[in-house]
Amino acid sequence: MPFSKLGLAPTTLDGVRAAGYVEPTPIQLRAIPLVIAGRDVIGSAQTGTGKTAAFALPILTKLGQHAGGGPRALILEPTRELAAQVETAFRDYARFTDLKITVVFGGVGYGRQNDALRAGTDIIVATPGRLLDHLEQGTMRLDKVQFLVLDEADRMLDMGFLPDVRRIVERCPRQRHTALFSATIPPQIETLIQWAMRNPETIEIGARRTPAETVKHVIYPVADSQKSDLLLELLKRVNYNSVLVFCRTKYGADRIAGLLKRNNHAVAVLHSNRTQREREQALKGFRDGRFEALVATDIAARGLDIADVSHVINYDVPQHPEDYIHRIGRTGRAEASGDAFTIMTAEDASHVFAIERFISQKIPRVKLENFDYKYTMLFEEGKPGQPKGGFPGKARGARVHGGYHFGMSRRRR
Ligand code: AMP
C-alpha cells in the first residue's frame, strides 16, 4: 500500500517523497492510520524499522500548520543523540509545512532553547532532565500538548528516567494521544502504560528478539591478553567502510580509541563523559566518513540512525542480551547487509550463552586464520561459563596451529 492511502496530509506526503521513501515500512503501515484515527499506540519494533516516521508523519498531519499557544506535540527521548536525530527527521518530514520544531536537551546552554521556546513552537523533542528544568523555570508549559510520544521507553527505564517521565506526563493534559515505543515491556513499563495510556493498540513488528536477517554475526573467541591484537587484525583483514566498535566502559572506549589511533585508524569516541560538542562532532564525522571507526559505549547502541555501518565489532560482550540486538542492529539496516563480530574471552562465556538463549540462536564461533593465537582454547560442553580444559592455558588435545577446535558447537541447547 502506498503512503498516499494512509490518510496523510498532502504536505506530509510531499515530505515523505522528498525523503525518498517509496513504500511505508510495516510499522508505518500499521501505526500511521491508528494515530490519525486518534488511537493510543504501543509499538514494539526492531531498530531501523522506520519507527520515527511511524509517529512523526501522522503527528505532522494532525498538527497541520503552525499555531501559537505552546507545543502541541511532545516527543521524549532517552539520550541527546536520539533527540537530535528525531528532531532532524521531523524537520525533514515537515519541510513543506511552517510547523516549528525545537529540540531540548542538557549539556548545552539554555539561551537558544529559551529563544526558540519564546518564539513559539509546535513540536518539542526532548530528553527528560532538561525538559523538567524548563518546566520548573517556567520557560515551557505543556498544557496544549495533544500528542505525547514516549520513545525507547525501556531505555528510559534503564537510565532511571521513569520518575521524570511520570512528572512530565502529569504536566500534559489528560485529553491527549499517547504513543509508546519500547523493544520490551517489563512490569514498570506496563504500569506506566496503564497509567498514561487509554485503551492502547499494540503493534508488534517482527520477532523482536531476532537480529535483522541481513546481519551476519559471528564470535571470535580469544584469550583476554590478545583481544586488542585480534581487534587490530580483524580491522586489517576486513574490507570495511565504517565500523562501530562497542566497549563496556567509557575508560575502555577511550583506551581502544587510543589504540586504533596509534595504528593509523581515523577514529572517534562516543560516550557520556564526552561533552555534547564532542559527541556531536564524533557522530557527524562518522556519518560524513571522516572517521572510519567509532568507538562507543552502549549509549550509541540504541536507536541511533547511523547509515552505512558496514561492521559492528563488540570488543566487549554486552552484559544485557537486549544490548546485543541493539548493537548489531547498527549494521545491516535498511536491507544493506552487514557483519557483526563479537570478541569473546573465557570470562564472557556465560554472557554469550545468555545472548544465545535470548535470541534462540547459536552464534557461530570463528577462528581467524593465521592469527597467532597464544593459547589453544577448547570450550567444551558443560556448564555455561565453565570452559573446561584449562582455558586459557593449555587445552586438551589441541594445538594452536592445526587442530584448533571450539567445542561449543556440540553443546546441546
Ligand atoms: P528509524 O527506525 O526511524 O530509525 O529509521 C531507520 C531508517 O530507515 C532511517 O534512515 C529512515 O530514514 C529510513 N526509513 C524510514 N522509513 C522509510 C521508508 N518508508 N522507506 C525507506 N526508508 C525509510
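Here the structure is a predicted model, which is why all the values come from computation and not from measurement. Counting starts at 1 for both ligands and their atoms, in listed order.
- Atoms of ligand 1 found under 4.0 Å from any heavy atom of Thr52 (numbered from 1 in listed order, with element): 1 (P), 3 (O), 4 (O).
- Nearest heavy atoms, Ala196 versus Val169: CB-CG1, 4.2 Å.
- In summary, the atoms of ligand 1 found under 4.0 Å from a heavy atom of Glu23, numbered by their order in the structure, are 18 (C), 19 (N), 20 (N).
- Of the options Phe3, Tyr21, Phe55, the smallest heavy-atom separation from atom 22 (N) of ligand 1 is shown by Tyr21.
- Residue-level proximity to ligand 1 for Gln28 is carried by the side chain, the only part with a heavy atom below 4.0 angstrom.
- Listed by first and then second residue, the salt bridge (Lys or Arg N to Asp or Glu O under 4.0 Å) pairs involving residues 251-277 are Arg274-Glu278 (not counting sequence neighbours).
- In terms of modelled atom types and a separation under 3.5 Å, the side chain of Ser242 and the main chain of Glu292 share no donor-acceptor contact.
- Sorted by first and then second residue, the salt bridge (Lys or Arg N to Asp or Glu O under 4.0 Å) pairs involving residues 20-32 (not counting sequence neighbours) form an empty list.
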